[in-house]
Structure formats: C-alpha cells, structure tokens
Amino acid sequence: MDIKQKLTQKFYTRDVHIVAKELLGKLFVRRIGREIISGIIVEVEAYDGSIDEASHSFRGKTKRNEVMFNEGGPLYVYFTYGMHFCANVVTGKEDESKAVLIRALQPVGGIDLMIKNRYNKKEITRKEFVNLTNGPAKLCKAFKIERAKNGTALTGNEIFILNSPKLNPSKIASATRIGIKKSVDLPWRYYIKDNLFVSKK
DNA sequence: CCACGGATTGGCT
DNA sequence: GCCAATCCGTGGA
C-alpha cells in the first residue's frame, strides 16, 4: 500500500478540514543535511481565510501571508510574539488561503538533535521531554523551522510528511482553537485522543 | 495544579 | 501605536 510514501500535492489540494484530520497520525519529517528528525502529528488547527476572522488571510493577501494563497502543498511559516515561529500546511486550491497549523508532534526520530535544537543541552527531565514538541512554536524550535523555511514545498526532500493508514474517527477529537480572539467558537482544532503530546484538552 | 504577566519583533490600522 | 494562531517563570492554593 502507500504506507511510508511521501504525501503528494494531491493530498494537500483538498478541503482544509479533511486534510487537517487526515494529517493526524502521519509522520512529519525534517532533513537537516545528513540528519533526520521526525514526529507523529497529534494536534492541528484549521484556518480558512474566506470565512474565518482568526485567519491571517481573512483581510486579503499581504507580504506576510502570501504563501497561504498558493495551491495546497507549501509550508506557511509565520513569526509571532516577537520571538516565535509557527508552521502551517497550506491546503486547497490557489487563492483559497486555507491552511492547517501544526500544533503538536510526538517525537519519533532524531530526538537527541531535537533536544539540542530546543534546549541546547543533552540531559533533560521528563517534563522537558514532554515539552519538547507539544506546542506550535516549540516544535518549530526543535525542528529548526524559521523564517527561511516559509514557502518550502512539502513535495521536496527537506520538509515532508509520510503517509500512514487513516486513523479511526473515534480516535480524533475536535475542540475550539487556542490563543485566538476572533471566531473563538469554531471547533476547528483536531487532536488524537489521549495522546501525551497534545498541548491542551 | 492554576493564573498571571513579561519577553520582544514586526505587521498593519 | 497596538497587539499578536506563544512560551516560560513565578507565586499562590
């Protein structure tokens, strides 16, 4: 079957909510030179520029959000709070401006390098391990994703996502999104139930 | 465990 | 000038 295959553009050009839910359980992979870092996607949020006031693209295209207006496939990386980067998977057709924020990963491969990237040390506590990738800016730090990665094609070999069987819907929960002040009631956050690395129930 | 506030840049009103 | 799709340390229960 198509286990362990890289997701293709066709996967990303579909509806943002379908893509968001199907991304759960898939392996997010980052190659840095010869090293590989990877983690299972366990929490995401959908943003829809056409009807969603919380979306960066709700008020139209700007220099900052222009990647969101591409056809599904690239990574949209934004800078916020003066110090953090967060990563989104752009979905849908050209000019739709819909994207999926990656909120949390369960570390799988390259964990030593993740720890170095995030804490700049070797030994960490159990609490620090749980905090390695359980938030959108935390995982970007661990995976070395910053401004220069904005627009990176997920069909390339630097940042990509590997396919895996679709999760049973009973394992997926939906809830309101975190950290926004507009469109607060939309239940567009999706996460894997009972996973240790989900940022918030 | 929870609540609160400071950090710190840059986008856009 | 305002404030953000966040994180972390502090202080109290």
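Letters A, B, ... mirror the listed sequences (proteins, then strands); counts begin at 1. For clarity, every value in this text was computed on a predicted model and none was experimentally measured.
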| task | Specify the residue among A:Y119 and A:K181 whose closest nucleotide of DNA chain C lies further upstream toward the 5′ end. | result |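 Per heavy-atom nearest nucleotide, the more 5' residue is A:K181.
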| A:Y190: what forms a ring pair (Phe, Tyr, Trp, His ring centres under 6.0 Å) with it, not counting sequence neighbours? |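 With sequence neighbours excluded, A:Y190 shows a ring pair (Phe, Tyr, Trp, His ring centres under 6.0 Å) to no residue whatsoever.
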| said: Could you work out, with ring pair (Phe, Tyr, Trp, His ring centres under 6.0 Å) as the rule, every residue matching A:Y191, not counting sequence neighbours? | reply: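 Result, ring pair (Phe, Tyr, Trp, His ring centres under 6.0 Å) vs A:Y191: none returned.
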| DNA chain C: stems of at least 3 consecutive Watson-Crick or G-U pairs whose donor-acceptor distances fall under 3.5 Å |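 Output for stems: B:1-7 with C:6-12, B:9-12 with C:1-4.
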At 4.0 Å (heavy atoms only), tell me whether [X] reaches a base, stays on the sugar-phosphate, or touches nothing.
X      : value
A:L101 : base
A:R189 : nothing
A:N88  : base
A:A137 : sugar-phosphate

Please set out all donor-acceptor pairs under 3.5 angstrom arising from side-chain atoms of residues 36-43 of chain A, sequence neighbours excluded.
{"residue": "A:S38", "atom": "OG", "partner": "A:G109", "partner atom": "N", "Å": "3.2"}
{"residue": "A:E43", "atom": "OE1", "partner": "A:S199", "partner atom": "N", "Å": "2.6"}
{"residue": "A:E43", "atom": "OE1", "partner": "A:S199", "partner atom": "OG", "Å": "2.9"}
{"residue": "A:E43", "atom": "OE2", "partner": "A:R103", "partner atom": "NE", "Å": "3.3"}
{"residue": "A:E43", "atom": "OE2", "partner": "A:R189", "partner atom": "NH1", "Å": "2.8"}
{"residue": "A:E43", "atom": "OE2", "partner": "A:S199", "partner atom": "OG", "Å": "3.0"}

Exercise answer: donor-acceptor pairs, residues 74-84 of chain A side-chain atoms, under 3.5 Å, sequence neighbours excluded:
{"residue": "A:Y76", "atom": "OH", "partner": "A:H56", "partner atom": "ND1", "Å": "2.8"}

| query | Taking only residues two or more places apart in sequence, or in another chain, which ones meet A:T62 in a side chain to side chain donor-acceptor pair (under 3.5 Å)? | reply |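 Expected list: A:N65.
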| field | Partner set under side chain to side chain donor-acceptor pair (under 3.5 Å) for A:D185, not counting sequence neighbours | value |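 Listed in chain order: nothing, the list is empty.
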Got a list of side-chain donor-acceptor pairs under 3.5 Å for residues 132-144 of chain A, not counting sequence neighbours?
{"residue": "A:T133", "atom": "OG1", "partner": "A:L105", "partner atom": "O", "Å": "2.7"}
{"residue": "A:N134", "atom": "OD1", "partner": "A:K138", "partner atom": "NZ", "Å": "2.8"}
{"residue": "A:N134", "atom": "ND2", "partner": "A:V130", "partner atom": "O", "Å": "3.3"}
{"residue": "A:N134", "atom": "ND2", "partner": "A:N131", "partner atom": "OD1", "Å": "3.3"}
{"residue": "A:K138", "atom": "NZ", "partner": "A:N131", "partner atom": "OD1", "Å": "3.2"}
{"residue": "A:K141", "atom": "NZ", "partner": "A:R118", "partner atom": "O", "Å": "3.3"}

| Span of DNA chain C, from the first to the last nucleotide whose atoms fall under 4.0 Å of chain A heavy atoms |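 Range of nucleotides touched by chain A: C:dA4 to C:dC8.
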| request: Just jot down the side chain to side chain contact (heavy atoms under 4.5 Å, CB included) partners of A:D194, sequence neighbours excluded, or say none. | output: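 Side chain to side chain contact (heavy atoms under 4.5 Å, CB included) list for A:D194, sorted by chain: A:K201.
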| request: Name all residues meeting the side chain to side chain contact (heavy atoms under 4.5 Å, CB included) criterion together with A:K182; count only those two or more places apart in sequence or in a different chain, and write none if there are none. | output: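 Partners of A:K182 under the side chain to side chain contact (heavy atoms under 4.5 Å, CB included) test: A:E53, A:R59.
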| task | Give the B/S/- string for nucleotides 5-13 of chain B, one per nucleotide from 5' to 3', where a protein heavy atom under 4.0 Å of the base yields B, of only the sugar-phosphate yields S, and otherwise -. | result | --BBBSSSS
| request: Inspect the surroundings of NZ in A:K122 and state if more than 12 heavy atoms from other residues, nucleotides or ligands are less than 6.0 Å away. | output: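 Atom NZ in A:K122 is not crowded, with 12 or fewer foreign heavy atoms closer than 6.0 Å.
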| Is A:R30 close enough and on-axis enough to A:F28, meaning under 6.0 Å and within 45°, for cation-pi? |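 Ring-cation test returns no.
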